[in-house]
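Everything on this sheet refers to the single structure shown next.
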Number of protein chains: 2
Amino acid sequence: MKVAEPTVERLVQYRRLLDRMDRDKVQVISSKEIGDMLGFKASQVRKDLSYFGEIGKRGVGYNVDRLLKHVSDILSPPRKWNVGLVGVGRLGEALLDHKAFLSDKYEIVALFDVSDEKVGETFFGRPCFHVDDMPEKLEEMDIEILILTVPKDAAQRCVDAGTEKGQIKGVLNFSPSSVVAPPGLIVYSVDISVELEKLLFYLKHEGTESI
Amino acid sequence: MKVAEPTVERLVQYRRLLDRMDRDKVQVISSKEIGDMLGFKASQVRKDLSYFGEIGKRGVGYNVDRLLKHVSDILSPPRKWNVGLVGVGRLGEALLDHKAFLSDKYEIVALFDVSDEKVGETFFGRPCFHVDDMPEKLEEMDIEILILTVPKDAAQRCVDAGTEKGQIKGVLNFSPSSVVAPPGLIVYSVDISVELEKLLFYLKHEGTESI
DNA sequence: TTATGTGAAAAGGTTCACAGCC
DNA sequence: GGCTGTGAACCTTTTCACATAA
């Protein structure tokens, strides 16, 4: 089944909210309540949630516990993924320490860098290897996802090294540059400075958008 | 004039590319070349660039120098903005040190945190104040933009503190939570874990998307 | 009465195709 | 011939409106 990207993005947020509601012992929630808390229209929430079957009760709302399980099932990968992080700078370390990256669905198992001071060391319990050894290490450690926190000129080389033996399936690119990827490789880019520039643009133009 | 958000996002990338081309002494570039380098269709590039007037030469392409000035004019804010960063943790420090945040259009002039060890210190040359003093300090220092690198439970309080005296116009939220903002306040959220979750979802579904 | 589920309509963006100019 | 500019077509996503069920 094909799911639109904006829908997936909202599903992740629904799960996070439902998880909190569940811990707070909330039993029932309506599409309007969900929408108000996350900044979406109630009709949008209903469309998203009904996409995978009727899960709510008309006249009542959604059972939090049941809906949480349902959304989690939709989002959960069938197995755990091994992740490699390239570029152990400040941003890389921040991500390593990031709570969001504590999950049972993926695990950062190896780090890569070019600095002699970092190669051979461990950071937050993960070993750091040299970028030149990436093709072999990725294969050896069964790594299929790369997180890139490298300078802009290095991003493309990292993607190339990751696809050399063909096992990398996804890349999360935090460097301020676009990368060219072979078909089949999924690349998501989070460009921090672009976000700030967009904000400045709409500030300048006195817009009223809120995302 | 109303400009679509995806267009602004691409404009920022065009400028970055043109800046590099200009430094490399490239004089002329076509919409196809731009598109190939950034992963957009040539027709998309032309639509974006023609949106603000005819700037290219038919049969020739775009003059890099002229186009760069043009795109910069569209994006440049009319004045410099003062920015406050809340939450001097690893991510906050990574952003402080981020090259993308070196700009003549904005400057991080103050930091805020709750930790006694950080309040009163300076980080990368910026003074750190207590979060409780935000309303006064923001007004005093003429800060209109906030960057939030705080834990999820603190994000909403920061927005509330920033809007208490009404001067905050934009927020860039890096915390993994949604915030409710009064109308007129522009909030952009960069949710690192959501991006990874999206990637995992499409990996699971063996899609062929590339963004 | 209340809140979901869902076709249909509207809005928002992208791509096409070709006229127009170099 | 080559490449831009752009209306029209197309596709995607959101919102509406109301039938339906608790």
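Proteins get letters first, then strands, A, B, ... in listed order; numbering begins at 1 in each.
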Is [X] close enough to [N] that one of its side-chain N or O atoms is under 4.0 Å from OP1 or OP2 there?
X	N	answer
B:S31	D:dT4	yes
A:Y62	C:dT2	no
A:R58	C:dT1	no

Atom-to-atom span, [atom1] of [X] to [atom2] of [N] - whole angstrom:
X	N	atom1	atom2	result
A:E5	D:dC11	CD	C1'	16 Å
A:N63	D:dA21	CG	P	21 Å
B:I29	D:dC3	CD1	C1'	13 Å
A:L67	C:dA3	CG	C1'	14 Å
A:E9	D:dT13	CD	P	12 Å
A:Q27	C:dA3	CD	C1'	18 Å

Run the numbers on B:V83 and B:L146 for side chain to side chain contact (heavy atoms under 4.5 Å, CB included), then give the verdict.
CA-CA 6 Å; B:V83 179; B:L146 285 183; over 6 Å; no
What nucleotide among D:dA22, D:dC3, C:dT4 has an atom nearest to a side-chain atom of A:S30?
C:dT4
Kindly state which residues belonging to residues 36-54 of chain A come within less than 4.0 angstrom of DNA chain D, counting heavy atoms of the residue only, listed by number.
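The answer is A:K41, A:S43, A:Q44, A:R46, A:K47.
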NZ/NE/NH1/NH2 to OD/OE distance under 4.0 Å, [X] and [Y]:
X	Y	value
B:R79	B:E144	yes
B:D19	B:R15	no
A:K198	A:E195	yes

Checking side chain to side chain contact (heavy atoms under 4.5 Å, CB included) against B:F124, which of B:D97, B:L95, B:V88, B:L85 comes through?
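With B:F124 as partner, side chain to side chain contact (heavy atoms under 4.5 Å, CB included) holds for just one option, B:D97.
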Between B:D191 and B:S189, does any side-chain donor sit less than 3.5 Å from a side-chain acceptor?
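There is no such pair between these side chains.
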